[in-house]
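Read through the structure below, which is laid out as structure tokens, and then see the notes.
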There are 2 protein chains.
Amino acid sequence: MATGRTHRPATRSRGIPEATVARLPLYLRALTALSERSVPTVSSEELAAAAGVNSAKLRKDFSYLGSYGTRGVGYDVEYLVYQISRELGLTQDWPVVIVGMGNLGAALANYGGFASRGFRIAALIDADAHLAGRLIAGLPVRHADELEDIVEDNQVSIGVITTPAGAAQEVCDRLVAAGVTSILNFAPTVLTVPDGVDVRKVDLSIELQILAFHEQRKAGEELSEAVDSVTPPVAAKTVRGGIKRPGSDGDLPAVMPA
Amino acid sequence: MATGRTHRPATRSRGIPEATVARLPLYLRALTALSERSVPTVSSEELAAAAGVNSAKLRKDFSYLGSYGTRGVGYDVEYLVYQISRELGLTQDWPVVIVGMGNLGAALANYGGFASRGFRIAALIDADAHLAGRLIAGLPVRHADELEDIVEDNQVSIGVITTPAGAAQEVCDRLVAAGVTSILNFAPTVLTVPDGVDVRKVDLSIELQILAFHEQRKAGEELSEAVDSVTPPVAAKTVRGGIKRPGSDGDLPAVMPA
DNA sequence: ATGTCTTTGTGAACGCGTGCACAAAGATGG
DNA sequence: CCATCTTTGTGCACGCGTTCACAAAGACAT
Ligand SMILES: NC(=O)c1ccc[n+]([C@@H]2O[C@H](COP(=O)([O-])OP(=O)(O)OC[C@H]3O[C@@H](n4cnc5c(N)ncnc54)[C@H](O)[C@@H]3O)[C@@H](O)[C@H]2O)c1
Ligand SMILES: NC(=O)c1ccc[n+]([C@@H]2O[C@H](COP(=O)([O-])OP(=O)(O)OC[C@H]3O[C@@H](n4cnc5c(N)ncnc54)[C@H](O)[C@@H]3O)[C@@H](O)[C@H]2O)c1
């Protein structure tokens, strides 16, 4: 879904479906919560409810990892936590670098959720010489010149990009060249990477736009008119929830093609 | 993908596939860039490359919006920008509230990418009385007590939750009760919402764990041994990229079920 | 006007993901 | 040891999304 290339048949060997992999962290979180409450076992039904998924789907997901359940009883919480952690590679710790220590980068650096899983911030990097040396979340910001050395010295294989969009591809290229093979990109750009490098993106703006689409649809359905002619330069009227429109709507060109 | 319930046949009427909706913002971004460079038209091939998708997929996506292309030429950039904006509901502005003004909330408030699309921050909300009145990104933080009033007065239909996980469901419930019907959740929790309310989540931790999974797989493939017996308490050795393991790995129970 | 060349729009095939429904496994009680 | 009851593991069918491949549409030159 977010991998750079089309990715052959997803994961080949003992292929765990990509959709399943994406849900494992969800299960793990729910299981960890149960573990903290010293709950010994859970049924697929209970766990599925906690994770917000269908119970059959959950059972099928677990079946890809092997058969760790006991019929008539359910799953052993501790054992499942261990198995999923191992499958996700969380039994080792992953050094991570964050590049671009602005608003977002700083927020991520201060986020405790990193270390609680197997991730460790190896370094914070920024191109701004003014920031170099400053402490963020107890770590000194390193200058971008050192990027390659940092990645190699710390065996970093995961990089987080929180630079402006314009710098993202260049930063990405340098990370990859230095040995990083997984990138989490917060900049609103499409990153091009060689085969074998995974890219996942988090794009706030896109999420909001998707919500806006559904929001508009909900509003449109309410006053469901057949007003969707082919030439509707002024379609939306007083859509519920949203303020009508900015005073003058003339700033949108609305150029017709021919 | 992130809607609360199973959602009947996605979007019923002139149903644009959910997968297509999720790509429209991507196209829009690429088109906006072209527009700024005053490029008059693009072929599906060029635009697809810019957006990082397959060109056939792009054409099919556009076909759901109607036929806006000209064979032999391509698509009119300005016109397409307008059509997609309209389809996404970006021709009106959407007032948004952000609840939880900690590290992440503050970063989002300072993010310029909101306003550049049709989103306007109507208010910043926090439960901490100490924060109330403080300015963040030029806006005063309002106390959580005012949440309902703010949502109603500003006709807010989109809410962003950046509180700790423990408070997220309660905040969500209050937002929904006040009239919010779309929620973007950054807290690592599964939110339960009534039908008709859309929830999308952004979970950094999950993204990293998915990357870790693939990272581990890449490393495992390199030294592809058939060491995947059913009882591998000590499987991973010196996995490339990651530091071996935290000194003692004894903190993981590894409890066997029976 | 006609031919050529480019590019769209879409029919059709395929593969993945989802969820139902049920047989088998195993626990538990008598 | 047997009967009953719970819950897993999975076969199967269905629907969505992706991609190929190509006919048709239209621009453009002559
Ligand atoms: N802030 C948010 O809430 C938010 C939300 C969604 C997306 N984003 C995206 O995340 C990125 C960062 O956002 P931000 O608000 O933190 O921006 P910012 O301007 O506050 O921070 C960007 C930082 O990157 C550094 N930088 C620039 N070029 C660099 C380079 N080549 N190498 C290393 N560092 C470099 C800058 O010095 C700056 O410190 C942007 O692409 C933005 O679009 C931000
Ligand atoms: N910081 C990150 O980079 C990051 C990354 C991923 C996820 N998250 C998640 O985002 C959320 C916020 O993270 P953060 O680092 O900003 O935390 P934070 O502790 O810095 O901020 C949380 C804020 O929420 C406020 N709050 C608490 N209860 C509230 C309530 N009931 N109503 C309104 N406001 C309330 C607190 O006063 C505080 O200001 C957390 O759930 C975290 O797990 C953060």
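Just so it is clear: chains get the letters A, B, ... in the order the sequence lines come, proteins before strands, and each one is counted from 1.
Listed candidates were D:dT8, D:dT10, C:dG9. Nearest to the side chain of A:Ala56 is D:dT10.
As a whole-Å value, the separation of B:Leu80 CG from C:dT8 C1' is 13 Å. Atom-to-atom, NZ of B:Lys57 to C1' of C:dG9 comes out at 17 Å; the value is rounded to the nearest Å. Atom pair A:Lys60:NZ and D:dG11:P shows a separation of 8 Å (rounding to whole Å applied). A straight line from CG of A:Leu58 to P of D:dT10 spans 14 Å, rounded to a whole angstrom. Between A:Asp76 atom CG and D:dT8 atom P the separation is 13 Å, expressed in whole Å. Put simply, CG on B:Asp61 is 13 Å from C1' on C:dT10, counting in whole angstrom units. Across the protein-nucleic acid pair, A:Leu65 atom CG and D:dG9 atom C1' stand 13 Å apart, rounded to whole Å. Straight-line distance from the CD atom of B:Glu45 to the C1' atom of D:dT19: 13 Å, rounded to whole Å.
When B:Val180, B:Leu175, B:Val176 are each tested for a side chain to side chain contact (heavy atoms under 4.5 Å, CB included) with B:Val197, only one passes: B:Val176.
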Per-nucleotide protein contact along nucleotides 22-30 of chain D, 5' to 3', at a 4.0 Å heavy-atom cut-off (B base, S sugar-phosphate only, - neither), is --BB-S---
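Dashed line: the shortest gap from a side-chain N or O of A:Ser44 to OP1 or OP2 of D:dT7 is not under 4.0 Å. Note on A:Tyr64: every side-chain N or O is 4.0 Å or more away from OP1 and OP2 of C:dG17. For the OP1/OP2 pair of C:dT7 and a distance below 4.0 Å, the side-chain nitrogens and oxygens of B:Tyr68 include no atom meeting the criterion. Within the structure, every side-chain polar atom (N or O) of B:Asn54 is placed at least 4.0 Å from both OP1 and OP2 of D:dG17.
Note: B:Tyr82 and B:Tyr79 have tilted aromatic rings, judged against thresholds of 30 and 60 degrees for the angle between ring planes.
B:Ser205 and B:Gln209 are linked by a side-chain donor-acceptor pair at a separation below 3.5 angstrom, with hydrogens and angles left out of the test.
Contact of the B:Ile210 side chain with the A:Arg200 side chain is registered, since non-hydrogen atoms from C-beta on lie closer than 4.5 Å.
Remark: the backbone N or O of A:Leu28 is paired with a side-chain donor or acceptor of A:Thr32 at under 3.5 angstrom. At least one donor-acceptor pair closer than 3.5 Å links the side chain of A:Arg29 to the backbone N or O of B:Pro188. With hydrogens and angles ignored, the 3.5 Å screen pairs a side-chain donor or acceptor of A:Gln169 with a backbone N or O of A:Thr192.
If you check every strand for non-hydrogen atoms under 4.0 Å, A:Phe62 touches nothing.
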